[in-house]
Amino acid sequence: MAKGEIEAEAAKVAATLRALGDKRVDYVPVNGLSFTGCHAHPSTADDVVIADRIATAIDAHHDVWPR
């Protein structure tokens with residue numbers, strides 16, 4: 001979306017916050033959604049993709065979110 005500008009800027013914000021010491025912030029890119037829900041919102045299939053990507057990111061940071 002927006003030729004990658006939104007993704008790039010969001011990633012910069014997360015990187016800046018991490019550099020300032022906040023280890024509880026991360027950026028999780030979620031590309032390839034269909035946006036076929038009502039009014040061009042994510043579909044239920046998109047919701048599954050989003051949830052999987054966020055779960056993977058959380059699982060990768062046991063130092064922040066221990067089980």
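With sequence neighbours left out, the side chain to side chain contact (heavy atoms under 4.5 Å, CB included) criterion links A11 to Y27.
By the rule that hydrophobic residues join a cluster once side-chain heavy atoms approach within less than 4.5 Å of another member, V48 and I54 end up as members of separate clusters. In the hydrophobic clustering of ILVMFWY residues, with side-chain heavy atoms under 4.5 Å counting as a link, I58 and L17 come out apart.
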Mind running side chain to side chain contact (heavy atoms under 4.5 Å, CB included) on I50 and L33 for me, showing each step along the way?
CA-CA 9 Å; I50 293 166; L33 303 178; 3.9 Å; yes
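Contact of the D46 side chain with the H41 side chain is not registered, since no non-hydrogen atoms from C-beta on lie closer than 4.5 Å. The closest side-chain heavy-atom distance from V13 to V25 is not below 4.5 Å.
Scanning both residues, P29 and E7, for their nearest heavy atoms gives CB-OE2, 3.6 Å. Scanning all heavy atoms of the two residues, the minimum distance from D26 to R18 falls at OD1-NH1, 3.4 Å.
Judged by distance alone, with hydrogens and angles left aside, the side-chain atoms of D59 form no donor-acceptor pair with the main-chain N or O of T56 at under 3.5 Å.
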